[in-house]
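The next block holds one structure in the form of structure tokens; read it before the comments.
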Amino acid sequence: MTGAELGTRLRERDLSAAPATLNLLESSTTSDREQAAALLHEVSPASLGGEASGHIVGVTGPPGAGKSTLLSALLHAWRAQGKSVAMLAVDPSSRRSGGSLLGDRARIEFDPADRGVLIRSTAAGDRLGGLAPATRATAQALAAAFDVVVIETVGVGQAETEVADVADTVVVVVQPGSGDVLQFYKAGIMETPDVLVVTKADLGQLAMRTRRDLNAALRSLGGEGPGSTRVLTVSSLPPPQGIEELVAALDEHRANLDVTDRRLRARRAGALLDFAGEHGERGLRAVGGRRAAEGLLEDQDPGLDTQALVSALEEAMQAKMAATEVSSAYANPPPSTSDTPSGSR
Ligand SMILES: Nc1nc2c(ncn2[C@@H]2O[C@H](COP(=O)(O)OP(=O)(O)O)[C@@H](O)[C@H]2O)c(=O)[nH]1
Ligand SMILES: [Mg+2]
């Protein structure tokens with residue numbers, strides 16, 4: 001099965017193409033990367049004739065906040081609505097055996113026979129929070145076939161920013177009494193998410209209080225009115241509470257979103273991150289710095305996928321490097337014998 005064939009199947013919303021897609025996009029061999037580029041081209045906005053229709057939801061929060069348990073509840077709610085769901089979890093518990101990183105951890109529960117669901121956990125490796133380039137590309141590709149694509153990352157701050165670069169809607173999950181998140185917002189360290197969820201409402205008054213405190217903090221940041229951050233409380237353990245409201249809040253955010261604009265910015269930001277990750281400061285300097293790179297990305301066809309944007313940056317880099325080699329060869333010709341200092345100085 002070629003990358004282009006997989007991409008075509010995704011475009012036709014054939015969910016059975018998803019596992020092979022994940023494997024291909026995670027592979028780093030040269031031939032697989034070529035196939036991956038062909039796949040991504042098939043599900044690019046240019047090929048789809050518009051943005052992929054799936055809703056990309058980023059879910060992030062500190063370890064133990066209740067993300068996985070919440071996602072199990074959301075999964076059932078979405079499936080009950082007949083929506084197909086892909087969940088990409090960046091899992092820090094796989095760093096240590098038995099998920100002992102922070103004690104008691106839930107897994108996302110689902111029926112393995114259900115063909116409308118795809119769950120993939122990727123080990124976070126050394127990175128707590130950050131997104132692998134493959135996760136970004138995978139989410140964008142799967143959004144062509146699935147109704148909902150969730151990316152779960154762990155952490156606050158950086159994790160939130162990175163997931164905001166790819167998601168249509170960003171959900172930050174906090175548990176009752178977690179004052180640190182409040183402090184982050186007050187200090188302006190975190191971007192405000194689209195939806196804030198306080199979990200474990202069944203534990204009592206503390207959840208309501210945390211919700212009030214978060215609302216007060218958001219008000220003090222001037223975040224009120226349409227389009228501002230919603231704060232919801234949920235209980236994810238049976239009997240679930242607040243899940244329907246959360247599903248509705250996510251739908252509402254997406255319905256009011258300029259998806260084309262957000263996705264275009266996501267692809268450009270992702271391309272810049274991937275390029276800088278691959279080629280470092282030297283690569284950025286070669287294309288004339290970060291600003292110049294951004295300008296170059298803005299000049300590209302808005303229908304290009306992220307990988308194609310990375311390729312455009314790489315071509316510019318290679319052209320610049322080749323030109324520099326030629327011009328420095330003229331500017332600094334290899335010393336001829338007469339130029340060579342011979343003893344005197
Ligand atoms: N009482 C209660 N416990 C919860 C709830 N949601 C999650 N938990 C518990 O909190 C712990 C961490 O949950 P988990 O989903 O693994 O958190 P994650 O690390 O953010 O994915 C587990 O022991 C869950 O059973 C909830 O709504 N109520
Ligand atoms: Mg988890």
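All heavy atoms count here, side chains included; hydrogens, waters and symmetry mates do not. Just so it is clear, the structure is predicted and the values come from calculations on it, not from any experiment. Numbering of residues begins at 1 and proceeds along the displayed sequence. Counting starts at 1 for both ligands and their atoms, in listed order.
- Heavy atoms of P63 found under 4.0 angstrom from ligand 1 belong exclusively to the backbone.
- For ligand 1, the atoms closer than 4.0 angstrom to any heavy atom of S235 are 27 (O).
- At a 3.5 angstrom cut-off on N or O pairs, S236 counts as close to ligand 1.
- Applying the side-chain hydrogen bond (donor to acceptor under 3.5 Å, both in side chains) rule to D14 yields the partners R9, S16; only residues at least two apart in sequence or on another chain are considered.
- With T169 as the fixed residue, the side-chain hydrogen bond (donor to acceptor under 3.5 Å, both in side chains) test singles out one of R262, H55, R254: H55.
- Interatomic distance, CG of D305 versus CD of E42, reported as 10.0 Å (0.5 Å rounding).
- Near E152, the atoms of ligand 1 lying under 4.0 angstrom from a non-hydrogen atom of the residue are 21 (O).
- Heavy-atom contacts from other residues, nucleotides or ligands closer than 6.0 Å to CD of E109 number 12 or fewer.
- Between V234 and ligand 1, no N or O atom pair is found at a separation short of 3.5 Å.
- When the side-chain contact (heavy atoms from CB on, under 4.5 Å) test is applied to R115, no partner is found at least two apart in sequence or on another chain.
- Of the candidates D168, D194, T229, D194 is the only one forming a side-chain hydrogen bond (donor to acceptor under 3.5 Å, both in side chains) with H253.
- Applying the 4.0 Å criterion to heavy atoms of L203 picks out, from ligand 1, the atoms 1 (N).
- Among the backbone and side-chain atoms of T69, none of the N, O or S atoms lies under 2.8 Å from the Mg ion (ligand 2).
- When non-hydrogen atoms are compared, ligand 1 lies under 4.0 Å from the backbone of L237 as well as from its side chain.
- Remark: ligand 1 and G64 share an N or O pair separated by less than 3.5 Å (distance only, no angle test).
- Classification of E51 and R267 as a salt-bridged pair holds, one side-chain N sitting under 4.0 Å from a carboxylate O.
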